[in-house]
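For reference, the structure is listed below as structure tokens.
Note: hydrogens, waters and symmetry copies are ignored here, and every other heavy atom, side chains too, is used.
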Amino acid sequence: MNGKIDWSVLTGAAFLMATSAIGPGFLTQTTVFTQTLGASFGFVILTSILIDIGVQLNIWRVIAVSEKRAQDIANLLLPGLGSFISLLIVFGGLAFNIGNVAGAGLGLNALFGIPVITGALISAAIAIAIFMIKEAGKAMDRFAQVMGFIMIIVIIYIAITTNPPVAEAALRTILPAKIDLMTIITLVGGTVGGYITFSGGHRLLDAGIKGKGVLPLVSTSAVMGVSVASLVRIFLFLASLGVISKGLVIDAGNPTGSIFQLAAGNIGYRLFGLVMFSAAITSVIGSAYTSVSFIKSFSPAIAKNENRVIIIFIMVSTLIFAFVGKPVSLLIMAGVVNGFILPVTLATILFASYKTRIVGDYKHPIVLTVFGVLIVLVMTYMSVNVMIGYFL
């Protein structure tokens, strides 16, 4: 494989992971948390970036060196564990994809004024068209990159327009006035929780980038993915902070759209529609691709007809939204499940990284192991608290 092909796939995997993370919830969370914490939200972003990098490096490296998908690694470690994790991933991916389809419809509504359901159906048709192309993997990579660049450019423009207090944001990123641990956990779950953390790792595996020899490239791609998602989050934070610092009133029903509109008027609201559409449709694609990647190793028929199964996955989530709407209870339960997926999968990967029958003579860096264990403990503690809060 020549360097050009390597970098194309590596960049594609990074953007697939990043744009899978940057969905409608990502945009809304960033705006709302900036309202709550002000400039101190910068500290939360910085902390979550460090945790995200730790998670991605642990998981992507072990997937690459074992040359196996996460569910197969889990089944080798404990028979049945991979199947259990796959069920959680697919359930969470389908539930969140309903929200992603809705977000794409909302984006086209803000951009062109068309009805939300019509926009959702158009978005689903675009996503399905990508998986009908013979070279669907390359098409997916390119689409994720283009949409990612669009989001970055637009959000940087909006951030500049709001003239945020950058000095205060920089100060509070290092010396926060207040710290909210739950917000950190929420950000981590939204960036590398559930299916998201495996999207790029599985993409690299499907593209044939695997083995000990490619670990430096895999690590670069993992960090790149977190960096792209973090860049969008940082500039959206600055845009929100710029509006909030001026004392302007933000619409609680559509906080992110309100930020864009207050920053640049009607043009700003149209740009919000473009960003929301870009964020949502790439999340639809990433969710469908990664969810199906978790079940295709269980059946030769699924593996043979992978793109058709992905198309069905997109169609089902779109039809549920069109006829049922966004079932709140399903989305809430999916959120709770998502909180448990990360510690379970990360712990599984950490155990597997020391099993020679899985990784051969590979020696996992002790720093990554220690960091990974800390993340598992903290995420488990917070997830249990959230679960208790829902059911008590």
Whether over 12 other heavy atoms sit under 6.0 Å from Lys246 NZ: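 Correct, the count exceeds 12.
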Tyr157 atom OH, neighbour heavy-atom count above 12 within 6.0 Å: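 No, OH of Tyr157 has 12 or fewer neighbouring heavy atoms, counting only those of other groups under 6.0 Å.
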Salt bridge flag under 4.0 Å for residues Lys296 and Asp206: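 Salt bridge between Lys296 and Asp206, a charged N being under 4.0 Å from a carboxylate O: yes.
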With sequence neighbours excluded, residues passing ring pair (Phe, Tyr, Trp, His ring centres under 6.0 Å) with Phe237: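 Partners of Phe237 under the ring pair (Phe, Tyr, Trp, His ring centres under 6.0 Å) test: Phe41.
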Could you tell me the separation between the [atom1] atom of [X] and the [atom2] atom of [Y], rounded to the nearest 0.5 Å?
X	Y	atom1	atom2	result
Ile51	Leu46	CD1	CG	10.0 Å
Lys212	Arg61	NZ	CZ	10.5 Å
Leu76	Gln71	CG	CD	10.5 Å
Thr256	Gln29	OG1	CD	10.0 Å

Aromatic ring pairing Phe198/Phe294, orientation class (parallel under 30°, perpendicular over 60°, tilted between):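 Rings of Phe198 and Phe294: perpendicular, over 60°.
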Aromatic ring pairing Tyr354/His364, orientation class (parallel under 30°, perpendicular over 60°, tilted between):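 Correct class here is perpendicular.
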Check: [Y] main-chain N/O paired with [X] side-chain donor or acceptor under 3.5 Å:
X	Y	answer
Ser258	Asp251	yes
Thr290	Ser287	no
Thr28	Gly25	no
Thr220	Pro216	yes
Ser40	Ala177	yes

Name each donor-acceptor pair under 3.5 Å that joins a side chain in residues 344-352 to protein atoms two or more places apart or in another chain, with its distance.
from: Thr345; atom 1: OG1; to: Ile341; atom 2: O; distance (Å): 2.7
from: Thr345; atom 1: OG1; to: Leu342; atom 2: O; distance (Å): 3.1
from: Thr348; atom 1: OG1; to: Val344; atom 2: O; distance (Å): 2.8

Working for side chain to side chain contact (heavy atoms under 4.5 Å, CB included), residues Met17 and Thr197: CA-CA 7 Å; Met17 173 263 140; Thr197 191; over 6 Å; no
Side chain to side chain contact (heavy atoms under 4.5 Å, CB included) between Ile45 and Phe33, intermediate numbers included: CA-CA 10 Å; Ile45 294 174; Phe33 289 149; over 6 Å; no
Quiz: residues 109-132 side-chain donor-acceptor pairs under 3.5 angstrom, not counting sequence neighbours:
from: Asn109; atom 1: ND2; to: Ile114; atom 2: O; distance (Å): 2.8
from: Ser123; atom 1: OG; to: Gly119; atom 2: O; distance (Å): 2.8

Candidate pair Thr191 and Arg233, rule side chain to side chain donor-acceptor pair (under 3.5 Å), full reasoning: CA-CA 10 Å; Thr191 311; Arg233 181 142 4 229; 3.0 Å; yes
